[in-house]
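Bear in mind that the values here come from a model prediction, so they are computed numbers and not experimental data. Note: hydrogens, waters and symmetry copies are ignored here, and every other heavy atom, side chains too, is used.
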Amino acid sequence: MAEKGKFVKVKSLDSKIINSLEKKYGPLWETIWPEEYSFTDPFKNLIITVLSQNTSEANCIRAYKGLSAKFDVTSQRLVSADESKIKEAIRSGGLYNVKAKRIKEVSKAVLEKFSGDLSSVLALPKEDAKKKLMELPGIGNKTADVLLTNRYSYQKVIPIDTHFERIVKRMGLAEPNADYNAVQMALMNLLPEERRARLSGLMWLLAKNTCRAKNPKCYECPLACLCEYKTKKEES
Ligand code: SF4
């Protein structure tokens, strides 16, 4: 039994499993998140992450399109924008009251703390950068890691959301009470580094569509042979 919070690395993806992941989820990945919304500008990345909270990818992109059609997506511009106009611009994405308020708050903080320049924070050593990013209002581990991918890519940093947490714990790669860092470490260790960026996207689609919170579709899961949840279910 692993210590509380530690990850358990006992499994690995062989080429057969990797090919199944690619075949099943690869085509979906190409359609779900168009390339033009993977920003190299960390501030744009921050804003689209705020817009992605508790909504579908399609709604998130719709809201971002609405926002960028009306405003330059910079901290300087959004700080001076009227909150009601931001609400109007992102309305189609859902939770627009909360998100407009958060966009205003985070823009103000980025401007005041970092003179509007997140790149200077990302130039710091990784752990220092993360600590500073998490000083921004409403920015936790996941969003800070999303921003870190701007410098380090998904090969070096995988932001952990509820879908990743669920699948990692079900597979038995981390203890049920494992914290964010332990889940992240477990996932990073499962995915071979040279293919980690791509595989993390495919794993996320698997978690979202197949390893669903309710009624996971284990019967069609490419990872079934590695999964503790499935094994226990069959034994019970
Ligand atoms: S076998 Fe079932 S529980 Fe395990 S990862 Fe696949 S869908 Fe999730």
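Looking at Leu226 and Leu13, their side chains come closer than 4.5 Å, going by heavy atoms from C-beta outward. Using a 4.5 Å cut-off on side-chain heavy atoms (C-beta onward), Ile158 and Leu191 make contact. Here the side chains of Leu78 and Phe43 are in contact, with some heavy-atom distance below 4.5 Å. Side-chain contact between Leu190 and Val168 is absent, with no heavy-atom pair separated by less than 4.5 Å. Using a 4.5 Å heavy-atom threshold, the side chains of Asn54 and Val98 count as separate.
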Check: Can Lys99 and Lys87 be said to form a side-chain contact (heavy atoms from CB on, under 4.5 Å), step by step?
Finding: CA-CA 8 Å; Lys99 289 179 184 176; Lys87 278 183 199 172; over 6 Å; no

Note to self: Test side-chain hydrogen bond (donor to acceptor under 3.5 Å, both in side chains) on Ser115 and Asp117; report intermediate values, then the result.
What the structure shows: CA-CA 5 Å; Ser115 308; Asp117 179 17; over 6 Å; no

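To the nearest 0.5 Å, atoms CG (Leu187) and CE (Met203) are separated by 5.5 Å. To the nearest 0.5 Å, atoms CG (Leu51) and CZ (Arg102) are separated by 11.0 Å. The distance from atom NZ of Lys126 to atom CG of Asp145, rounded to the nearest 0.5 Å, is 8.0 Å. For the atom pair OG (Ser38) and CD (Glu36), the distance works out to 8.5 Å, reported to the nearest 0.5 Å. Distance CG/Leu118 to CG/Asn150: 9.0 Å, rounded to 0.5 Å. With rounding to the nearest 0.5 Å, the separation of CG in Asp179 from CD in Gln184 is 10.0 Å.
Two different hydrophobic clusters hold Leu95 and Leu46 under the rule that ILVMFWY side chains link at heavy-atom gaps under 4.5 Å. Under a hydrophobic clustering in which Ile, Leu, Val, Met, Phe, Trp and Tyr are joined whenever their side-chain heavy atoms come within less than 4.5 Å, directly or via other members, Val146 and Tyr37 fall into different clusters. Hydrophobic clustering of Ile, Leu, Val, Met, Phe, Trp and Tyr side chains at less than 4.5 Å, counting indirect connections, unites Leu21 with Trp29. Val50 and Val79 are not part of a single hydrophobic cluster, where members link through side-chain heavy atoms under 4.5 Å apart.
Minimum heavy-atom separation, Gly93 to Thr55: O-OG1, 3.2 Å. Closest non-hydrogen pair, Ala178 versus Ala182, comes out as CB-CB, 3.9 Å. Smallest separation of non-hydrogen atoms from Ser107 and Ile47: OG-CD1, 4.4 Å. Shortest non-hydrogen contact noted between Pro159 and Tyr180 is CA-OH, 3.6 Å. Across all their heavy atoms, Ile32 and Glu57 have their closest contact at CD1-OE1, 3.7 Å. Shown here for Trp33 and Ile48, the closest heavy-atom pair between the two residues is CZ2-CD1, 3.8 Å.
Identified under the side chain to side chain donor-acceptor pair (under 3.5 Å) test for residues 63-78, with sequence neighbours left out: Arg77-Ser80. Applying the ring pair (Phe, Tyr, Trp, His ring centres under 6.0 Å) rule to pairs touching residues 109-155 yields nothing, sequence neighbours excluded.
In this structure, Lys233 has no salt bridge (Lys or Arg N to Asp or Glu O under 4.0 Å) partners at least two apart in sequence or on a different chain. Take Arg170 and apply the side chain to side chain donor-acceptor pair (under 3.5 Å) test, not counting sequence neighbours, and it matches no residue. Partners of Arg195 by salt bridge (Lys or Arg N to Asp or Glu O under 4.0 Å), not counting sequence neighbours: none found. With sequence neighbours excluded, no residue forms a side chain to side chain donor-acceptor pair (under 3.5 Å) with Arg196. In this view, Asp128 satisfies the salt bridge (Lys or Arg N to Asp or Glu O under 4.0 Å) rule with no residue, not counting sequence neighbours. Remark: Gln155 pairs with no residue by the side chain to side chain donor-acceptor pair (under 3.5 Å) rule, at least two apart or across chains. Tyr229 meets the side chain to side chain donor-acceptor pair (under 3.5 Å) test with no other residue; sequence neighbours excluded.
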Using residues 212-225 as the side-chain source, report each donor-acceptor pair under 3.5 Å to any protein atom, sequence neighbours left out, with the distance given to one decimal.
| residue | atom | partner | partner atom | Å |
| --- | --- | --- | --- | --- |
| Arg212 | NE | Asn215 | O | 3.2 |
| Arg212 | NH2 | Asn215 | O | 2.7 |
| Glu220 | OE2 | Lys24 | NZ | 3.1 |

Donor-acceptor pairs are to be reported for all side-chain atoms of residues 204-211 against protein atoms at under 3.5 Å, with residues two or more places apart or in another chain.
| residue | atom | partner | partner atom | Å |
| --- | --- | --- | --- | --- |
| Trp204 | NE1 | Asp161 | OD2 | 2.6 |
| Asn209 | ND2 | Leu205 | O | 2.9 |
| Thr210 | OG1 | Tyr25 | OH | 2.6 |

Name the atoms and distances for all side-chain donor-acceptor pairs under 3.5 Å in residues 133-143, with sequence neighbours left out.
| residue | atom | partner | partner atom | Å |
| --- | --- | --- | --- | --- |
| Glu135 | OE1 | Lys113 | NZ | 3.4 |
| Asn141 | OD1 | Lys130 | NZ | 2.9 |

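Taking the charged nitrogens against the carboxylate oxygens, Lys131 and Glu127 have no contact shorter than 4.0 Å, which rules out a salt bridge. With salt bridges taken as basic N to acidic carboxylate O contacts below 4.0 Å, one links Arg91 and Glu88. Salt-bridge annotation for Glu228 and Lys169: absent, with no side-chain N of the basic residue lying under 4.0 Å from a carboxylate O of the acidic one. Classification of Lys44 and Asp41 as a salt-bridged pair holds, one side-chain N sitting under 4.0 Å from a carboxylate O.
With a 6.0 Å radius and a threshold of 12 heavy atoms from other residues, nucleotides or ligands, Lys101 has its NZ atom at or below the threshold.
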